[in-house]
Amino acid sequence: MNAIRPLRTPAELAEAGLIAPEELAGIEAVAERYAVAISPAMAGLIDRSDPNDPIARQFVPDPAELTTTPEERDDPIGDLAHSPVEGIVHRYPDRVLLKAVHVCPVYCRFCFRREMVGPQGLGTLSPEAMDKAFAYIADHLEIWEVILTGGDPLVLSPRRLAEIMQRLSAIDHVKIVRFHTRVPVVEPERVDEALIAALKASGKTVYVALHANHPRELTPEARAACARLIDSGIVMISQSVLLRGINDDPDTLAALMRAFVETRVKPYYLHHPDLAPGTSHFRLSIEEGRALVAGLRGRISGLCQPTYILDIPGGHGKAVIGPDAIRENGGCHTVADFRGGEHVYPPEG
């Protein structure tokens with residue numbers, strides 16, 4: 001039942017038992033608009049007997065993706081509004097995104113850049129565009145961190161990655177290079193000595209932000225891939241998306257964060273789902289999300305606590321969706337503990 005190569009067409013999904021024959025026409029309509037790819041590692045994790053399998057829900061197309069709600073938008077977090085040159089997003093003063101490639105090893109059905117990635121997307125930066133992107137970084141002395149994203153930058157060959165890192169090594173004011181990727185989970189075999197050497201070619205401090213949304217994704221192979229990165233001196237942090245039907249319950253969310261920490265990956269961001277087209281079936285309300293995240297407090301170690309954030313539509317940056325634990329009350333504050341009890345601060349007497 002396990003794939004030996006990525007599944008990329010509705011016919012291959014049907015052959016692999018991931019969709020029923022009668023679903024084929026509806027899935028083909030989705031595939032005409034949005035990219036499809038499921039890596040062998042992820043295809044092998046899917047429980048074909050579970051119609052609500054959380055791994056399948058992330059990667060197998062659903063006809064619900066063809067329903068677009070009024071609030072959804074092609075560029076939900078406003079990348080294009082802050083793109084001074086092709087491939088660069090400069091939203092915050094001290095850091096930029098470098099989107100060298102718009103291809104992924106898998107295509108998440110909730111992707112906020114789903115209009116930009118895949119065969120019909122923006123593709124890989126041309127050499128000329130890459131030159132302009134590096135010139136922009138070199139000319140802006142305030143840029144302390146470069147974040148490689150896309151697409152998934154680790155689909156690039158070690159040679160291409162090393163070239164990028166060597167070019168960054170010549171820009172003295174850049175101190176941190178961060179990669180956002182799913183590769184250690186979805187293609188763990190790709191994390192080999194050559195890839196690790198390429199990531200370290202700049203001599204800069206390197207971080208890898210690992211995207212995973214369900215504890216089952218942290219397989220022994222994925223954990224071993226992370227260990228190879230971490231043992232080489234690369235720091236790893238996590239990012240996840242809070243998704244209906246995948247991780248929107250306290251036990252699953254707690255297990256995911258514990259799995260990260262056990263793998264030596266520090267939980268970093270838990271994203272509220274963005275307003276990407278055709279993704280309303282994944283979204284919770286902010287109130288639901290806040291309650292789930294508040295429930296982690298006291299339930300699991302402080303090492304396991306992510307920061308719950310919302311990317312403000314239109315390109316206005318991230319906002320922390322904190323638990324509503326403290327409120328002003330007549331000159332003092334009422335503070336809620338993790339059990340729901342309330343206390344006055346400062347204490348009386």
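Nothing fancy with the numbering, it's 1 onward along the sequence.
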Next item on the list: Please lay out, stage by stage, how S169 and Q166 fare under the test side chain to side chain donor-acceptor pair (under 3.5 Å).
Entry: CA-CA 5 Å; S169 73; Q166 287 160 1; over 6 Å; no
Note to self: I'd like to know whether I164 forms a side-chain contact (heavy atoms from CB on, under 4.5 Å) with R160, so could you lay out the CA-CA distance, the side-chain angles of the two residues, the decisive distance to 0.1 Å, and finally the verdict.
What the structure shows: CA-CA 6 Å; I164 290 171; R160 293 287 306 280; 5.5 Å; no
Check: What are the two closest heavy atoms between A41 and P188, and how far apart are they?
Finding: CB-CD, 4.2 Å
Notebook entry, point to check: Could you walk me through whether S39 and R5 pass the side chain to side chain donor-acceptor pair (under 3.5 Å) check?
Noted result: CA-CA 7 Å; S39 69; R5 58 183 175 79; over 6 Å; no
Next item on the list: Start with the C-alpha distance between F260 and S240, add both sets of side-chain angles, then the distance that settles side-chain contact (heavy atoms from CB on, under 4.5 Å), and finish with yes or no.
Entry: CA-CA 11 Å; F260 280 135; S240 305; 3.5 Å; yes
Notebook entry, point to check: Any ion pair linking D79 and K99 (charged N to carboxylate O, less than 4.0 Å)?
Noted result: yes
Next item on the list: Any chance you could lay out the salt bridge (charged side-chain N to carboxylate O under 4.0 Å, His left out) test for K175 and D94, step after step, and finish with the verdict?
Entry: CA-CA 11 Å; K175 305 299 183 184; D94 72 339; over 6 Å; no
Next item on the list: Identify the heavy atoms of C108 and F59 that sit nearest to each other, and give their distance.
Entry: SG-CE2, 4.0 Å
Check: Between R33, R57, R114, which is the residue that forms a salt bridge (charged side-chain N to carboxylate O under 4.0 Å, His left out) with E65?
Finding: R114
Next item on the list: Could you tell me whether the side chain of R223 and the main chain of T263 form a donor-acceptor pair under 3.5 Å?
Entry: no
Notebook entry, point to check: Is any side-chain N of the basic residue among R228 and E193 closer than 4.0 Å to the acidic one's carboxylate O?
Noted result: no
Check: Which atom names give the shortest non-hydrogen contact between R91 and I77, and what distance separates them?
Finding: NH2-O, 2.9 Å
Next item on the list: Step through the shown structure and confirm whether more than 12 heavy atoms of other residues, nucleotides or ligands are within 6.0 Å of CD on E71.
Entry: yes
Checklist line | Aromatic contact, F110 with H281 (centres under 6.0 Å) | finding: no
Notebook entry, point to check: Just by modelled atom types, is the H211 backbone N or O under 3.5 Å from a matching donor or acceptor in the H180 side chain?
Noted result: no
Notebook entry, point to check: Do the side chain of D75 and the main chain of L80 share a donor and acceptor less than 3.5 angstrom apart?
Noted result: yes
Check: Do you know which two heavy atoms are closest between A35 and R109, and how far apart they sit?
Finding: O-NH1, 2.8 Å
Notebook entry, point to check: Which distance, rounded to the nearest 0.5 Å, do you find between the OG1 of T149 and the CG of L97?
Noted result: 6.0 Å
Next item on the list: Look at the side chain of H82 and the backbone N and O of G315, then say whether any donor-acceptor pair between them is shorter than 3.5 Å.
Entry: yes
Notebook entry, point to check: Does D274 use its side chain to pair, donor to acceptor, with the backbone of A276 at less than 3.5 Å?
Noted result: no
Next item on the list: Evaluate whether atom NZ of K132 has more than 12 neighbouring non-hydrogen atoms of other residues, nucleotides or ligands under 6.0 angstrom away.
Entry: no
Note to self: Please check: side-chain N/O of Q58 versus main-chain N/O of I55, any donor-acceptor pairing under 3.5 Å?
What the structure shows: no
Next item on the list: Determine the sole option in R178, R95, K204 for which the side chain to side chain donor-acceptor pair (under 3.5 Å) test with E145 is passed.
Entry: R178
Item checked: Least distance between heavy atoms, I171 atom then R167 atom -> CG1-O, 3.7 Å
Notebook entry, point to check: Would you call D53 and R216 a salt bridge, using N to O less than 4.0 angstrom?
Noted result: yes
Note to self: Given 3.5 Å as the limit, does a donor-acceptor pair link the side chain of Q305 with the main chain of I300, or not?
What the structure shows: yes
Note to self: Around atom CD of E15, are there more than 12 heavy atoms from other residues, nucleotides or ligands closer than 6.0 Å?
What the structure shows: no
Margin query: Looking at Y136, is its backbone amide N or carbonyl O close enough to the side chain of D139 to form a donor-acceptor pair, meaning the two atoms are under 3.5 Å apart?
Written below: no
Check: Is atom OH of Y308 surrounded by more than 12 heavy atoms (other residues, nucleotides or ligands) closer than 6.0 Å?
Finding: yes
Checklist line | Exam field: side chain S202 to backbone L168, donor-acceptor pair closer than 3.5 Å | finding: no
Notebook entry, point to check: With no hydrogens and no angle check, do the side chains of T279 and R283 hold a donor and an acceptor under 3.5 Å apart?
Noted result: yes
Checklist line | Atom of K200, atom of G233 and distance for their closest heavy-atom approach | finding: NZ-N, 4.4 Å
Notebook entry, point to check: Going through the checks in order, is the side chain to side chain donor-acceptor pair (under 3.5 Å) test met by T181 and D152?
Noted result: CA-CA 5 Å; T181 183; D152 193 317; 2.8 Å; yes
Next item on the list: Verify, without hydrogens or angle tests, whether S83 (side chain) and I88 (backbone) share a donor-acceptor contact under 3.5 angstrom.
Entry: yes
Note to self: salt bridge (charged side-chain N to carboxylate O under 4.0 Å, His left out) for E163 and R159? Distances and angles first, verdict last.
What the structure shows: CA-CA 6 Å; E163 289 173 357; R159 178 185 63 82; 2.8 Å; yes
